[in-house]
Amino acid sequence: MNYWLLKSEPNTFSIDDLKKLPRQTDHWDGIRNYQARNFIRDDMQLNDLALFYHSNCTQPGVVGIVQIVREAYPDYTASDPRSPYFDPKNSADNPRWYMVDVKFKRKLSRIITLKELKQHSELVTMSLLKRGNRLSIMPVTTKEWRFILSLE
DNA sequence: GCCAACGTTGGC
DNA sequence: GCCAACGTTGGC
């Protein structure tokens, strides 16, 4: 059982967008960073839980919790020329990019903002808060997970 | 919109 | 394998 943080731009795909889907489940496509790819392909397991984080918006922060309901499989948008995530170097028999399926679990009772997270010494080692970290998927330790949710 | 901090690309 | 140029991320 691992914990994760998934970034999404709410203008593109918000926690409410996920919640509104018929099965409240969607594939997490468009990961085009090798480190993030390795996390989901090698380490992410069925039933893992993840913080849903809104980035690049007026109030960046943790807004909810989702669950991994399907482990990594090839990201088909990489071989779709019409997709913004199309990668001409991807090949079907040796897929370069992967995605997982995530299911909405719940929204937090309030947004735990980036600003707030930065104020706690317990979280200074958190990947999200390290300087210049732009990974869209990162692991969260059990300690960090519990601490963040205790702020709710 | 700015820009720092990255990651990737490609010439050499 | 080096590294300059370029593209992207994401807070502000």
Side-chain angles (χ1 to χ4, degrees), chain A residues 2-21 26-44 48-68 71-102 104-141 143-152:
Chain A
N2 305 304
Y3 295 113
W4 304 93
L5 182 141
L6 303 182
K7 281 186 196 171
S8 187
E9 301 191 12
N11 289 334
T12 308
F13 188 75
S14 71
I15 185 103
D16 289 320
D17 293 329
L18 180 63
K19 189 183 177 186
K20 270 186 279 185
L21 292 175
D26 203 6
H27 49 270
W28 201 266
D29 60 3
I31 296 166
R32 297 294 179 268
N33 170 285
Y34 287 106
Q35 212 180 334
R37 189 278 311 268
N38 292 346
F39 278 140
I40 71 162
R41 188 191 59 185
D42 305 336
D43 301 325
M44 200 174 260
D48 281 357
L49 294 172
L51 300 171
F52 196 110
Y53 178 90
H54 280 173
S55 69
N56 204 11
C57 55
T58 51
Q59 242 191 340
V62 177
V63 292
I65 297 174
V66 299
Q67 187 159 37
I68 309 307
E71 291 186 6
Y73 59 105
D75 182 341
Y76 53 78
T77 64
S79 49
D80 177 4
R82 291 165 305 170
S83 168
Y85 300 125
F86 176 63
D87 178 359
K89 290 178 182 168
N90 185 65
S91 76
D93 46 324
N94 184 21
R96 176 187 290 206
W97 305 114
Y98 287 79
M99 57 188 177
V100 294
D101 287 355
V102 302
F104 174 83
K105 286 283 283 183
R106 69 179 181 92
K107 280 176 79 169
L108 301 191
S109 55
R110 64 184 186 86
I111 301 180
I112 299 175
T113 62
L114 175 63
K115 187 181 172 191
E116 182 177 352
L117 293 175
K118 282 178 176 170
Q119 288 166 358
H120 296 284
S121 59
E122 289 89 342
L123 299 177
V124 287
T125 56
M126 193 182 177
S127 303
L128 177 72
L129 305 181
K130 283 185 189 151
R131 196 176 68 129
N133 199 324
R134 304 173 314 176
L135 272 183
S136 61
I137 296 194
M138 50 183 98
V140 172
T141 68
K143 264 189 179 175
E144 290 161 355
W145 179 273
R146 289 186 183 144
F147 183 80
I148 291 168
L149 292 182
S150 78
L151 299 173
E152 186 187 5

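Reminder, nothing fancy here: chain letters follow the sequence lines and each chain counts from 1.
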Query - Value rounded to 0.5 Å, distance of NZ in A:K118 from CG in A:L128 - result: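 Interatomic distance, A:K118 NZ to A:L128 CG, rounded to 0.5 Å: 8.5 Å.
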
Just the atom pairs and distances: protein N or O near nucleotides 2-8 of chain C's N or O, under 3.5 Å.
{"unit_1": "C:dT8", "atom_1": "O2", "unit_2": "A:R134", "atom_2": "NH1", "d": "2.7"}

* Option passing side-chain contact (heavy atoms from CB on, under 4.5 Å) with A:F52 (candidates A:V63, A:V62, A:L5) ->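 Considering A:V63, A:V62, A:L5, a side-chain contact (heavy atoms from CB on, under 4.5 Å) with A:F52 is found only for A:V63.
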
Interatomic distance where [atom1] belongs to [X] and [atom2] belongs to [N] [whole Å]:
X	N	atom1	atom2	result
A:N11	C:dT9	CG	P	14 Å
A:N56	C:dC12	CG	P	12 Å
A:L5	C:dG10	CG	C1'	13 Å
A:D87	B:dT9	CG	C1'	13 Å
A:N33	B:dT9	CG	C1'	15 Å
A:L6	C:dG10	CG	P	12 Å
A:E9	C:dG10	CD	C1'	8 Å

- Please say which of A:Y73, A:F13, A:Y76 ends up in a ring-ring contact (aromatic ring centres under 6.0 Å, His included) with A:H27.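 Result: among A:Y73, A:F13, A:Y76, A:Y76 is the only option passing the ring-ring contact (aromatic ring centres under 6.0 Å, His included) with A:H27.
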
Is any side-chain nitrogen or oxygen of A:K7 closer than 4.0 Å to OP1 or OP2 of C:dG10?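 Checking A:K7 against C:dG10: at least one side-chain N or O falls below 4.0 Å of OP1 or OP2.
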
Note to self: At less than 4.0 Å, is any side-chain N or O atom of A:Y53 found next to OP1 or OP2 of C:dG11? Yes or no.
What the structure shows: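 Checking A:Y53 against C:dG11: at least one side-chain N or O falls below 4.0 Å of OP1 or OP2.
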
Checking side chain to side chain donor-acceptor pair (under 3.5 Å) for the pair A:E9/A:S55: CA distance, chi angles, key distance, verdict?
CA-CA 5 Å; A:E9 301 191 12; A:S55 69; 4.8 Å; no

Q) What residues in residues 123-132 of chain A put a non-hydrogen atom under 4.0 Å from any atom of DNA chain B? A)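 Residues of residues 123-132 of chain A that come under 4.0 Å of DNA chain B are, in numerical order, A:R131, A:G132.
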
